[in-house]
Every structure is written in structure tokens, then in C-alpha cells.
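Both counts, for ligands and for their atoms, begin at 1 and track the order of listing. The analysis underlying the following values was restricted to heavy atoms, covering all of them including side chains, and did not include hydrogens, waters or symmetry mates.
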Amino acid sequence: MTPDLEDLPLRCRCGHVRGVANEVTPYAGFRFVCYCLDCQSFARFLKRSDVLDTAGGTDIFHMPAGRVKLTAGTDAVRCLHFSSRVFRWYTDCCWTPVANTAGPRFPVVGLIHSFMDHEADGRSRDEALGVPLCRIFERSAVAPLPPNAPPPRSLSLVALRVPTLLGWWLRGLGRPNPFFDDHANAPLSMPRVLTSNERASLANDSMDRHPGLPFV
Ligand SMILES: [Zn+2]
Ligand SMILES: [Zn+2]
């Protein structure tokens, strides 16, 4: 079977954890760059600051949870909690940031670019996802923003998010969520909660915590 042109292969750095995101086009999701401290701390915790842009931004693509599938290596998928609102998923085979989600019922997976295999896809990230539509929490950026940083979030963009998410939910695209058991709603891996000391060692201040819904 030839893979669908709009299927985006997913792969951790070492290739143990794999998956696929179906129907990935610039119109099928929402790409943004988050500069919040929790996203930065997540990358630092994994010793993967290389996934951040020069100002500490994380490139994230929000898409319907039901279109994301994990096909191999789920035994290596782990979860981290900075707050109970956001589940941060990564692999412990090679410390690849995978995705952010809210709880099992929220219809969105925020795929992190480091888990996307654009080489196997044959499309560049911009071709597959479109350019990032906005940035958020740039007050927490650790350096001047890169010249190609997306614009700040506009009110109209925020207003558009709610009907989009509601549409995904109504059309049943939010399930199954690959990171939660579809019946028991249990997370694929029990979230590890960092101690306050661990958190303090990852961030210098507490200005911007990741906002939670609708930007998980
Ligand atoms: Zn790996
Ligand atoms: Zn963030």
C-alpha cells in the first residue's frame, strides 16, 4: 500500500518510537511557536535544548488527536507533568520531545517538531504544516526573537480556535487519543511530577507558565 501523500511519518531520534499523523496539511491543524518557560524547561529536562529555536521557542502543530497514531515503541513513551493541565510526552530511548496534550477528552495533540520525520515525508516542514501562524509567551524568550519568528497571537486567531476545536470534537476526530487508553482513559505512561527543586533547576523565574487550554 502506498502511504497517503498527506500522512506525516513520526519518529523519535533513534527510530524506536514511530507513528504517523494522518491528513496533515496547513489547513488541517494549527502551527505556532511557544516561548513559555514550561516548554523550555521540558526541552532542558530532556537535555534537548537543540529542539528550541535561538530564543527558546518550541515549534508545535495542533491537530486532531484521532489522526495521530503510535505504531511502534510505545513502551518507551513517557510523560511529564509541570502542571496537571498539560501532559508532556517524550521518549526515554533517546529523549525526543513528542507532544503535549491535555486530558483524554480534549480532542487535540500538540505535536512537537522533533518527532516529525520530514525526511521520510518528502515535504519540508513548511510545506507539510504551513508556516507558524503565531507565537505565544514571547515575554519568556531567552534572546531576541529570530527574524523569521511568527507574528503575535491576534484576537481573531484566538476566536477561530474555539469553533475549530469544537468541530474536531463534534466530528469525532478527537478520539482515539494515542496517549490515553480509549476505554479507561488512563495515560499511556503515568505522568512523572517534578519536585519543586527539579523545577527550580530548570527555570530561573516563573513568569509564563504554559497556558493550558486551548493552547496545550
Ligand atoms: Zn528513540
Ligand atoms: Zn509552552
Side-chain angles (χ1 to χ4, degrees), residues 9-20 29-63 68-103 106 108-120 132-143 145-146 149-150 152-153 157-158 161 178-179 188-189 191 194 199 202-216:
L10 306 174
R11 181 187 190 277
C12 66
R13 189 166 52 168
C14 78
H16 179 72
V17 183
R18 289 171 183 270
V20 63
F30 182 88
R31 182 178 170 197
F32 62 99
V33 177
C34 185
Y35 290 93
C36 87
L37 283 181
D38 282 354
C39 282
Q40 294 185 46
S41 296
F42 182 43
R44 284 194 202 105
F45 171 79
L46 301 176
K47 306 216 172 356
R48 291 299 310 273
S49 300
D50 59 294
V51 308
L52 303 173
D53 73 19
T54 51
T58 303
D59 193 339
I60 298 172
F61 187 66
H62 263 187
M63 62 176 291
V68 179
K69 291 169 186 74
L70 297 175
T71 54
T74 47
D75 58 295
V77 173
R78 296 285 178 273
C79 185
L80 196 68
H81 258 340
F82 290 99
S83 77
S84 57
R85 289 174 308 186
V86 183
F87 294 74
R88 295 176 179 275
W89 303 94
Y90 66 96
T91 72
D92 79 347
C93 44
C94 59
W95 310 103
T96 298
V98 168
N100 304 323
T101 67
F106 194 65
V108 172
V109 163
L111 271 182
I112 299 171
H113 73 88
S114 43
F115 192 48
M116 301 175 187
D117 191 351
H118 298 297
E119 210 170 307
L133 295 177
C134 72
R135 62 186 191 232
I136 56 175
F137 291 97
E138 64 268 25
R139 281 181 309 163
S140 293
V142 292
L145 297 184
R153 170 169 52 168
L157 213 50
V158 175
R161 295 298 296 145
F179 298 102
L188 191 57
S189 171
L194 291 189
R199 280 188 72 141
L202 292 168
N204 304 327
D205 61 71
S206 56
M207 207 160 75
D208 283 333
R209 292 295 166 203
H210 197 94
L213 312 181
F215 288 95
V216 291

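- Seen from the Zn ion (ligand 1), atom SG on Cys12 and atom SG on Cys93 lie at an angle near 110° (rounded to 10 degrees).
- Between the SG atom of Cys34 and the SG atom of Cys36, the angle taken at the Zn ion (ligand 2) works out to 110° after rounding to 10°.
- Within the coordination shell of the Zn ion (ligand 1), defined by N, O or S atoms under 2.8 Å, Cys14 is present.
- Between the OG1 atom of Thr58 and the CZ atom of Arg135 there is a distance of 15.0 Å, given to the nearest 0.5 Å.
- In this structure, Arg161 satisfies the cation-pi test against Phe30, with its NZ or CZ atom closer than 6.0 Å to the six-membered ring centre and inside 45 degrees of the ring normal.
- Cation-pi check for Arg88 over Phe42 is met; the charged atom lies under 6.0 angstrom from the ring centroid and within 45 degrees of its normal.
- Side chain to side chain, His62 and Arg31 fail the donor-acceptor criterion of an N or O pair below 3.5 Å.
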